[in-house]
Amino acid sequence: MGMGIVDTVYILVASDISAQSGRFSLLIGITSAAGCLGGTISSYIGQSMAHDVGFISAFGLIGIVSLVPAFLYLTCMPETLPDYAKYGAKKGRYFGWLKRGHQTTPPEPKINPDEPAAVLSWFS
């Protein structure tokens, strides 16, 4: 269950970062390759460290090294929330825009019924 949540959040974050760029698959491929490479290398390094300095010291050192990506994520990750959802954007709570009559349904498309291409644009 934990990895299902992590994988779902991973896809959502990658989608937010690559929105409107057309590079979602590239981003997923690069990050998946980096994860696999990191898993392979960390197994070798962890085994070598455990053999040389002991299991407790190796676990502590790997734990300290794991703080680096966590720090980078906290400091370098761009904010992907839309402006209306940011705290204080409209002098309210995060979801205050829901209570203020925000339009939740898209407007009706203006279609010329004589153009078949206009009808097809509904589905694209």
Side-chain angles (χ1 to χ4, degrees):
M1 183 171 158
M3 281 309 294
I5 293 170
V6 169
D7 287 344
T8 302
V9 170
Y10 162 63
I11 296 295
L12 293 174
V13 168
S15 176
D16 278 349
I17 292 172
S18 64
Q20 304 299 324
S21 70
R23 292 184 172 87
F24 174 74
S25 295
L26 177 67
L27 181 63
I28 294 293
I30 288 173
T31 54
S32 296
C36 291
L37 185 63
T40 303
I41 292 172
S42 71
S43 295
Y44 175 73
I45 291 173
Q47 178 183 1
S48 298
M49 286 174 43
H51 186 279
D52 292 341
V53 298
F55 289 107
I56 306 247
S57 298
F59 185 75
L61 288 171
I62 290 173
I64 291 170
V65 169
S66 70
L67 294 175
V68 173
F71 177 76
L72 288 174
Y73 186 84
L74 287 173
T75 58
C76 299
M77 179 68 182
E79 180 60 61
T80 58
L81 274 177
D83 289 336
Y84 61 81
K86 291 182 182 173
Y87 181 74
K90 290 189 176 182
K91 299 179 184 175
R93 292 171 288 234
Y94 279 106
F95 298 104
W97 57 274
L98 286 174
K99 297 176 183 174
R100 293 192 179 95
H102 181 75
Q103 184 177 3
T104 58
T105 57
E108 289 294 321
K110 297 176 183 172
I111 299 174
N112 182 357
D114 297 330
E115 289 185 40
V119 175
L120 293 177
S121 68
W122 282 356
F123 302 105
S124 60

Checklist entry - Would you call F24 and I28 a side-chain contact if the rule is heavy atoms closer than 4.5 Å? => result yes
Checklist entry - V65 and I56: same hydrophobic cluster, using ILVMFWY side-chain contacts below 4.5 Å? => result no
Next on the checklist: Tell me whether L72 at atom CG has more than 12 heavy atoms from other residues, nucleotides or ligands lying less than 6.0 Å away.
Outcome noted: yes
Next on the checklist: Ignoring hydrogens, what is the shortest heavy-atom contact between A58 and G46? Give both atom names and the distance.
Outcome noted: CB-O, 4.4 Å
Checklist entry - Counting distance only, does the side-chain N/O of S43 pair as donor-acceptor with the main-chain N or O of G39 below 3.5 Å? => result yes
Item to check | Hphob cluster co-occupancy, I45 + I64, side-chain heavy atoms under 4.5 angstrom | outcome: no
Checklist outcome for this item: Minimal heavy-atom distance between L27 and T31, with the atoms involved, is O-OG1, 2.8 Å
Checklist outcome for this item: Minimal heavy-atom distance between A14 and S18, with the atoms involved, is O-OG, 2.8 Å
Checklist entry - Should I17 and Y73 be counted in the same cluster of Ile, Leu, Val, Met, Phe, Trp and Tyr side chains packed under 4.5 Å apart? => result yes
Checklist entry - Measuring from I41:CD1 to Y44:OH, what's the distance to the nearest 0.5 Å? => result 11.0 Å
Next on the checklist: Between S57 (side chain only) and G54 (backbone N and O only), is there a donor and an acceptor less than 3.5 Å apart?
Outcome noted: no
Checklist entry - For the atom pair CG (L12) and CG (D7), what is the distance rounded to the nearest 0.5 Å? => result 11.0 Å
